Amino acid sequence: MNRRILIADDDRGQLCIFRKILNVGEYSDSSENNISFKVAMFSDGKPLFEYFRIRFEDGTRIPLCILDMMMPEMDGLETAEAVRSVDPDVFIIIVTAHDISHDELIKSLKKDVYFMRKPFGNAELLALVRSLLINWNNQQTLKKAYREMDRTRCQLQAILDHSPTIIAQQDIQGR
């Protein structure tokens, strides 16, 4: 399971809170109740985006970004839009203490975005992170299965189209 998470927040205290909630740097087993995460943290959106872009070009997918809304160089919304332009499948969680409507975020990002107001509950964030990672991994597995099914269908269609013999199909009743 892909458990990569990128976090950008200009508040070092908030980064420490994320580190504590996600047990960053501590060993945890991969049991259902205790998922270990691979987390990279940044103090602004611009270095997060560059890291994300480089990893994507290398073939490393990152399923989740947690972004503070207000950062000095590249705010959370700009970062989310840039990240989504590279990989539209990435999940975004915006965290902020400022007023912003969820409708604004959806309008800007054109896809699901999750929103949490600071201060948030540790258990609430952890549950959302786990759910989104499981969801992203399930989506990728399903997409892979559909690509394989489509490839197989194309191969079978090519056999039918180029076969020199007559091919017939019957149902169970012989029709």
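In this text the structure is predicted, and so the values were computed from the model without any measurement. Hydrogens, waters and symmetry mates are skipped; everything else that's a heavy atom, side chains included, is used.
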Going through the distances and angles, do Phe18 and Phe120 end up as a ring-ring contact (aromatic ring centres under 6.0 Å, His included)? CA-CA 11 Å; Phe18 284 122; Phe120 46 80; 5.8 Å; yes

What do the steps show when you test Arg130 against Phe37 for side-chain contact (heavy atoms from CB on, under 4.5 Å), and what is the final call? CA-CA 9 Å; Arg130 285 179 178 160; Phe37 304 102; 4.1 Å; yes

For the pair Lys38 and Ile62, evaluate side-chain contact (heavy atoms from CB on, under 4.5 Å) and give the outcome as yes or no after the intermediate values. CA-CA 10 Å; Lys38 294 181 180 177; Ile62 298 171; over 6 Å; no

Kindly list each side-chain donor-acceptor pair under 3.5 angstrom involving residues 51-59, sequence neighbours excluded, with atom names and distances?
residue : atom : partner : partner atom : Å
Arg53   : NE   : Glu50   : OE1          : 3.4
Arg53   : NH1  : Glu57   : OE1          : 3.3
Arg53   : NH1  : Glu57   : OE2          : 3.0
Arg53   : NH2  : Glu50   : OE1          : 2.6

Let me have the donor-acceptor pairs involving side chains of residues 40-48, under 3.5 Å, with sequence neighbours excluded, atom names and distances please.
residue : atom : partner : partner atom : Å
Asp44   : OD1  : Glu73   : N            : 3.0
Asp44   : OD2  : Lys46   : N            : 3.2
Asp44   : OD2  : Met74   : N            : 3.1

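Side-chain contact check for Tyr114 versus Leu132: some heavy-atom pair is nearer than 4.5 Å. Within the 4.5 Å cutoff, the side chain of Arg3 has no heavy atoms near those of the Val39 side chain. At a threshold of 4.5 Å between non-hydrogen side-chain atoms, the residues Leu77 and Ile94 do not count as touching. Side-chain contact between Leu125 and Met116: present, with at least one pair of heavy atoms (C-beta onward) separated by less than 4.5 Å. Here the side chains of Asn2 and Leu133 are not in contact, with every heavy-atom distance at 4.5 Å or above. Proximity of Cys65 to Val90: side-chain heavy atoms (C-beta onward) are separated by under 4.5 Å at one or more points.
The backbone N or O of Leu15 lies less than 3.5 Å from no partner atom in the side chain of Asp9, so there is not a single donor-acceptor pair. In this structure a side-chain-to-backbone donor-acceptor pair under 3.5 Å is present from Glu78 to Asp75.
More than 12 heavy-atom neighbours from other residues, nucleotides or ligands sit within 6.0 angstrom of CD on Gln173.
Leu160 pairs by the side chain to side chain contact (heavy atoms under 4.5 Å, CB included) definition with Gln157, Ile167, not counting sequence neighbours. Residues meeting the salt bridge (charged side-chain N to carboxylate O under 4.0 Å, His left out) test with Arg12, sequence neighbours left out: none. Remark: Arg147 engages no residue in a salt bridge (charged side-chain N to carboxylate O under 4.0 Å, His left out) (not counting sequence neighbours). Applying the side chain to side chain contact (heavy atoms under 4.5 Å, CB included) rule to Gln155 yields the partners Arg151; only residues at least two apart in sequence or on another chain are considered. Legend: residues meeting side chain to side chain contact (heavy atoms under 4.5 Å, CB included) with Ile134, ordered by chain and number and at least two apart, are Met1, Asn138. Residues meeting the side chain to side chain contact (heavy atoms under 4.5 Å, CB included) test with Ser85, sequence neighbours left out: none.
For the atom pair CD1 of Ile17 and CG of Asp11, the computed distance is 7.5 Å after rounding to the nearest 0.5 Å. Note that CD of Glu124 and CG of Leu126 are 11.0 Å apart. Values are rounded to the nearest 0.5 Å. Separation of atoms CG (Leu128) and CZ (Phe115) is listed at 12.5 Å; rounding is to 0.5 Å. Atom CG of Leu6 is separated from atom CZ of Phe49 by 12.0 Å, given to the nearest 0.5 angstrom. Atoms NZ and CD, on Lys144 and Gln140 in that order, are 11.0 Å from each other to the nearest 0.5 Å. The structure places CZ of Arg117 at 10.5 Å from CE of Met69, a figure rounded to the nearest 0.5 Å.
Within the structure, ring pair (Phe, Tyr, Trp, His ring centres under 6.0 Å) contacts touching residues 143-175 (residues at least two apart or in different chains) do not occur. Screening residues 161-175 for salt bridge (Lys or Arg N to Asp or Glu O under 4.0 Å), with sequence neighbours left out, gives Asp171-Arg175. Identified under the salt bridge (Lys or Arg N to Asp or Glu O under 4.0 Å) test for residues 60-70, with sequence neighbours left out: Arg61-Asp87, Arg61-Asp89, Asp68-Lys118.
Clustering ILVMFWY residues whenever any of their side-chain heavy atoms sit less than 4.5 angstrom apart, transitively, puts Val95 in the very cluster that holds Leu22.
Only one option out of Val129, Val113, Leu67 pairs with Ile93 in a side chain to side chain contact (heavy atoms under 4.5 Å, CB included); it is Val129.
Grouping Ile, Leu, Val, Met, Phe, Trp and Tyr residues whose side-chain heavy atoms lie under 4.5 Å apart, directly or via other members, leaves Ile172 alone, with no other cluster members.
Closest of all the heavy-atom pairs between Met70 and Asp10 is O-OD1, 3.3 Å.
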